[in-house]
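The structure under discussion appears below in the form of C-alpha cells.
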Amino acid sequence: MESHSSGGVGTQPAPPEVGLHARVLEHLGTAICGGEFAPGAVLNIDDLVDRYEVSRSVVREVLRVLASIGFIETRRRVGVTIRPAHDWNVFDPQVIRWRLASASRLAQLRSITELRTAIEPHAALLAADRAGHDEASDLVGLAAKMWAAGKAGDEERFLRLDIEFHRRVLLASGNEMFVRLQDLVAEVLTGRHKHHLMPHHPHEEALRLHAEVAQAIQRHEGERARLAMVKLMEQAFEEMRSLWEQTAEPVRLI
C-alpha cells in the first residue's frame with residue numbers, strides 16, 4: 001500500500017514566503033537599478049513591510065540578498081542605505097536582469113556586449129583547439145537548428161538555441177572562468193528578447209556567422225572561428241546602435 005505519511009520532500013508545497021521573497025526582491029532590485037532610490041538613501045524596514053505587505057522576515061531576507069550583491073549596507077545609527085552603482089556586483093545575473101528591466105537597459109546591453117566582444121571570440125579560438133569531436137558536431141547541429149528556427153520566425157525556439165550555442169562555445173573553450181560567464185550571456189540574450197531589443201527575424205548574416213563559428217571549430221580553424229565570432233559581436237553592436245539612435249536614450253555607464 002502506498003504511504004501517505006508526511007515527510008516526503010517532493011510532496012511538500014513551497015512555503016508562501018518563497019514567492020513573496022522573489023516578488024519583493026525583483027521589484028526592489030529593479031527599482032534600485034532604475035534610480036528610484038538614490039545612493040545614500042535610507043531604507044526603512046517597517047516602510048518596506050507596509051509597501052509590499054509582507055512580513056519583516058521576508059524583508060530581512062530580501063535585504064540580505066541585496067547586501068550580498070553590493071546594493072545596500074547597514075550603517076550604525078543610520079540603518080540600511082543604498083550603495084552607489086560602482087559597488088554593485090555587475091556580474092551577478094540578477095543585476096543584469098534588473099538593469100535590463102530598468103531605464104538603464106541600453107547601458108547594460110552596451111557594457112555586456114563589450115565584455116562578450118572581448119571574451120567570446122577568444123573562447124571560439126580556444127574551442128577550435130580543445131573541443132572534442134562530439135562537442136564540435138553538436139555545435140554544427142545547433143547552428144543548423146538556429147538557421148531553421150530563424151527562417152521560420154520561431155523566436156522562442158531561436159532564443160533557446162542561441163543561448164545554448166553560446167554556452168557550448170564557452171564550455172568548449174576549456175577555460176573554467178569563461179564558462180562562468182554563460183549565465184550572463186543567457187540573461188542578456190533573454191533580456192533583449194523580452195524587452196524587444198532584437199529583430200523579430202534574425203538577420204541572415206547572423207545565422208551564417210553562427211554556422212561559420214561552428215564549422216571553424218569543427219575543422220580546428222581557430223583564427224577563422226575567432227574572426228567569425230568578432231563579426232557576430234559587431235553585428236550585435238550595430239543592432240543596438242540603431243536602437244540608441246531611435247530612442248535617443250543616453251547610455252549611462254557605471
Side-chain angles (χ1 to χ4, degrees), residues 26 29-30 33 89-124 127 138-173 175 177-214 217 225-226 228-244 246-247 249 251:
E26 197 76 10
T30 303
C33 285
N89 178 6
V90 293
F91 286 92
D92 190 298
Q94 293 180 112
V95 177
I96 293 171
R97 184 170 69 251
W98 296 335
R99 290 187 72 201
L100 287 172
S102 75
S104 63
R105 67 170 55 100
L106 294 185
Q108 174 65 98
L109 280 172
R110 178 173 180 170
S111 61
I112 201 167
T113 303
E114 289 173 347
L115 174 69
R116 293 181 65 196
T117 300
I119 298 299
E120 291 197 62
H122 197 69
D138 287 346
L139 271 174
V140 172
L142 275 171
K145 292 176 182 177
M146 288 178 68
W147 184 283
K151 288 295 186 180
D154 190 340
E155 294 181 50
E156 296 291 341
R157 178 169 170 75
F158 181 84
L159 173 64
R160 291 194 300 271
L161 292 168
D162 197 15
I163 290 172
E164 183 64 11
F165 182 91
H166 290 278
R167 187 188 75 84
R168 294 286 188 98
V169 172
L170 291 169
L171 188 62
S173 75
N175 183 302
M177 299 187 77
F178 286 3
V179 173
R180 291 298 299 272
L181 297 176
Q182 61 180 294
D183 290 340
L184 282 72
V185 173
E187 283 293 349
V188 77
L189 291 175
T190 301
R192 287 187 66 193
H193 174 78
K194 179 180 179 180
H195 299 291
H196 310 292
L197 299 173
M198 62 192 307
H200 291 297
H201 293 273
H203 296 301
E204 186 164 317
E205 178 68 2
L207 298 174
R208 186 191 68 76
L209 287 170
H210 279 89
E212 185 168 349
V213 169
I217 289 173
R226 187 188 70 81
M229 188 66 85
V230 167
K231 291 177 183 177
L232 202 51
M233 296 296 104
E234 288 175 346
Q235 185 175 62
F237 257 120
E238 284 303 313
E239 291 172 357
M240 285 186 291
R241 184 173 291 113
S242 66
L243 287 168
W244 299 330
Q246 290 169 19
T247 62
E249 179 180 328
V251 180

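Since the structure is predicted, the reported quantities are computational estimates derived from the model, not experimental observations.
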(message) Please find the pair of heavy atoms, one from Ala149 and one from Leu161, that lie closest to each other, and give the distance.
(response) CB-CD1, 4.1 Å

(request) Might you point out which heavy atoms bring Ala118 and Pro121 nearest each other, and give the distance in Å? (result) C-CD, 4.4 Å

(request) Please step through side-chain contact (heavy atoms from CB on, under 4.5 Å) for the pair His193 and Glu156, ending with a clear verdict. (result) CA-CA 9 Å; His193 174 78; Glu156 296 291 341; 3.3 Å; yes

(message) Rounded to the nearest 0.5 Å, what separates atom CG in Asn175 from atom CZ in Arg180?
(response) 12.0 Å

(request) Would you give the length of the straight line joining atom OG1 of Thr113 to atom CG of Leu106, rounded to the nearest 0.5 angstrom? (result) 10.5 Å

(message) With rounding to the nearest 0.5 angstrom, report the CG to CD1 distance, Leu189 to Ile112.
(response) 8.5 Å

(message) Listing request: all salt bridge (Lys or Arg N to Asp or Glu O under 4.0 Å) pairs with a residue in residues 201-212, at least two apart in sequence or in separate chains.
(response) Lys151-Glu204, Glu205-Arg208, Arg208-Glu212, Glu212-Arg224

(request) Give a yes or no answer on whether the side chain of Ser102 reaches the backbone of Arg99 with a donor-acceptor pair at less than 3.5 Å. (result) yes

(request) Taking all non-hydrogen atoms of both residues into account, name the closest pair between Ala236 and Arg192 and its distance. (result) CB-NH1, 4.1 Å

(request) Could you tell me whether Arg160 and Glu164 make a salt bridge, using a distance below 4.0 angstrom between a side-chain N and a carboxylate O? (result) no

(request) Find the distance between CG (Leu232) and NE2 (His203) and round it off to the nearest 0.5 Å. (result) 11.5 Å

(request) Specify the closest pair of heavy atoms between Met146 and Asp162, including all atoms of both residues, with the distance to one decimal. (result) CE-OD1, 3.4 Å

(request) Could you pull out the closest heavy-atom pair between Ala123 and Leu170, with the gap in Å? (result) CB-CD2, 4.0 Å

(request) Measure across Ile163 and Ala186 and return the closest heavy-atom pair with its distance rounded to 0.1 Å. (result) CG2-CB, 3.8 Å

(message) Determine whether Phe237 and Glu114 satisfy the following criterion, side-chain contact (heavy atoms from CB on, under 4.5 Å), listing intermediate values before the conclusion.
(response) CA-CA 9 Å; Phe237 257 120; Glu114 289 173 347; 3.3 Å; yes

(request) Please name the residue in the list Arg97, Arg105, Lys194 that meets the salt bridge (Lys or Arg N to Asp or Glu O under 4.0 Å) test with Glu187. (result) Arg97

(request) With sequence neighbours left out, write down each residue that passes side chain to side chain contact (heavy atoms under 4.5 Å, CB included) with Leu171, or none if nothing qualifies. (result) Arg167, Val179

(request) Apply side-chain contact (heavy atoms from CB on, under 4.5 Å) to Val188 and Arg116, showing your working. (result) CA-CA 10 Å; Val188 77; Arg116 293 181 65 196; 4.2 Å; yes

(request) Mind checking the NZ-CZ spacing from Lys145 to Phe165? Nearest 0.5 Å is all I need. (result) 13.0 Å

(message) Holding to ring pair (Phe, Tyr, Trp, His ring centres under 6.0 Å), I want the full list of residues that pass it with His166, two or more places apart in sequence or in another chain.
(response) His210

(request) State the CD-CH2 distance between Glu26 and Trp98, to the nearest 0.5 angstrom. (result) 6.5 Å

